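Here's the structure we're looking at; comments come further down.
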Amino acid sequence: MVKENLEKVLNDIRECEKKAGRKTGEVKLLAVSKFHPSQSVLQAIEVGQLAFGENRVQEAYQKFCPIIQQNNEVCLHIIGSLQTNKVKKAVEIASVIESVDRLSLLLEIEKQCAKLNKTIQVYFEIHTGEESKSGFQSKQELVQVLDFIKAGNANHVIPKGFMTMAPLTDDRELIKKSFRTLRLLKEEMQEKYPEFSLTELSMGMSGDYQLAIEEGSTQVRVGTAIFGQRDYSK
Ligand SMILES: *Cc1c(COP(=O)(O)O)cnc(C)c1O
């Protein structure tokens with residue numbers, strides 16, 4: 001099932017790129033495997049999917065340590081809100097942390113990466129819709145973090161882009177507005193900080209990735225449409 005679903009989603013992404021006048025292959029797929037077992041991840045890897053997203057560090061660590069040991073082309077993105085005490089494990093296993101939403105978190109990521117002598121890519125999570133609670137709430141806080149990195153205070157951290165979750169609504173215009181807000185912020189910050197390569201726009205999930213691609217997404221994060229419904233009772 002995973003293989004068929006994955007193929008369907010990938011074809012659909014290519015269709016959306018075409019419709020939106022985007023280049024083929026411009027939008028990457030992050031397969032969100034949270035709450036799904038290693039076997040599902042392995043099935044996806046068998047058909048060439050290498051980038052995965054998880055939102056809980058403990059689960060991600062247990063699932064992906066053995067998988068990455070077997071195949072170092074597999075890469076993991078942490079996409080869930082991250083507590084400071086989980087950062088150590090997160091940077092051990094992940095190559096991207098998409099949910100940086102405060103300076104104190106960035107400081108801890110830098111500290112733990114320095115210890116491991118590892119660099120890591122980060123995206124800044126931005127609050128763009130009324131209903132999502134996570135992400136930077138103000139531009140000042142974001143600018144403070146970017147200034148901090150620019151000043152050379154976090155040399156193990158590579159800022160690469162932005163992530164958002166659209167509000168949970170059927171109102172397509174509201175969803176598009178949320179994605180557009182992220183794109184405009186990215187453009188503004190790229191202009192303000194030419195020393196960084198802020199290329200990534202991580203937006204769009206199973207229910208709204210078509211709209212995200214229209215609004216310029218460079219990576220969609222898709223779980224349910226690939227792996228099926230999550231069983232939260234486990
Ligand atoms: C779970 C999750 C997704 C995937 O959601 P689906 O609706 O299952 O595609 C994407 N992004 C984040 C941050 C998530 O937590």
Side-chain angles (χ1 to χ4, degrees), residues 1-13 16 27-37 40-41 43-44 49 51-61 63-64 75-83 86-87 90 93-102 105 121-137 160-172 174-176 178-179 181-183 186 200-234:
M1 215 39 195
V2 168
K3 293 183 190 177
E4 288 83 357
N5 290 345
L6 195 52
E7 199 173 321
K8 232 171 79 193
V9 169
L10 281 169
N11 284 335
D12 196 34
I13 291 172
C16 292
V27 180
K28 297 179 286 275
L29 172 62
L30 188 75
V32 177
S33 51
K34 66 188 186 202
F35 288 91
H36 291 285
S40 300
V41 174
Q43 283 173 24
Q49 179 65 29
F52 294 88
E54 287 275 344
N55 69 347
R56 299 187 307 184
V57 174
Q58 190 60 32
E59 179 187 346
Y61 194 84
K63 205 183 296 179
F64 278 88
C75 75
L76 178 72
H77 294 206
I78 296 293
I79 59 176
S81 57
L82 188 52
Q83 289 169 279
K86 302 275 166 62
V87 169
I93 188 82
S95 40
V96 182
I97 296 178
E98 298 199 10
S99 43
V100 173
D101 62 356
R102 57 194 189 277
L105 179 59
Q121 295 188 4
V122 300
Y123 303 172
F124 304 105
E125 182 174 0
I126 307 295
H127 172 91
T128 58
E130 285 318 303
E131 276 152 89
S132 92
K133 281 160 252 110
S134 46
F136 280 98
Q137 306 279 331
K160 272 312 271 188
F162 300 89
M163 185 268 264
T164 200
M165 280 168 91
L168 261 176
T169 168
D170 291 332
D171 186 336
R172 292 164 57 93
L174 264 185
I175 296 172
K176 288 191 74 155
S178 155
F179 293 148
T181 301
L182 193 71
R183 175 167 51 80
K186 167 195 175 249
E200 300 303 320
L201 269 180
S202 172
M203 56 191 202
M205 320 198 326
S206 292
D208 57 19
Y209 67 80
Q210 290 91 346
L211 297 176
I213 292 172
E214 284 175 31
E215 289 298 331
S217 172
T218 64
Q219 178 202 262
V220 294
R221 308 180 305 270
V222 179
T224 310
I226 297 170
F227 297 110
Q229 294 292 336
R230 290 178 284 273
D231 181 357
Y232 292 110
S233 64
K234 271 191 242 163

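Fair warning: this is a prediction, and the values are worked out from it, not measured in the lab. Each ligand, and each atom within it, is numbered from 1 in the order the structure gives.
In the vicinity of V222, heavy-atom distances shorter than 4.0 Å reach the ligand 1 atoms 9 (O). Listed by number with element, the atoms of ligand 1 under 4.0 Å from a non-hydrogen atom of M165 are 13 (C). For ligand 1 and N55, the ligand atoms under 4.0 Å from any heavy atom of the residue are 15 (O).
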For Q121 and S95, run side-chain hydrogen bond (donor to acceptor under 3.5 Å, both in side chains): C-alpha distance rounded to whole Å, both residues' side-chain angles, the deciding distance at 0.1 Å, then the answer.
CA-CA 6 Å; Q121 295 188 4; S95 40; over 6 Å; no

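Between F35 and Y232, the ring planes are perpendicular. Angles over 60° get that label, and only those under 30° would be called parallel. Under the 30°/60° scheme for interplanar angles, the aromatic rings of F162 and F124 are found to be tilted.
Among protein heavy atoms, atom 12 (C) of ligand 1 sits closest to I79 CD1, 3.5 Å. Of the protein's non-hydrogen atoms, the one nearest atom 2 (C) of ligand 1 is K34 NZ, 2.5 Å. In this structure, the protein non-hydrogen atom closest to atom 5 (O) of ligand 1 is M205 CE, 3.7 Å.
No side-chain N or O of E125 forms a donor-acceptor pair with one of S99 less than 3.5 Å apart. T164 and T128 share a side-chain donor-acceptor pair at under 3.5 Å.
Residue-to-ligand polar distances place G223 within reach of ligand 1: an N/O pair is separated by less than 3.5 Å.
Between R221 and M165, some side-chain heavy-atom pair lies under the 4.5 Å cut-off.
Taking 4.0 Å as the cut-off, R230 counts as a neighbour of ligand 1 on heavy-atom distance.
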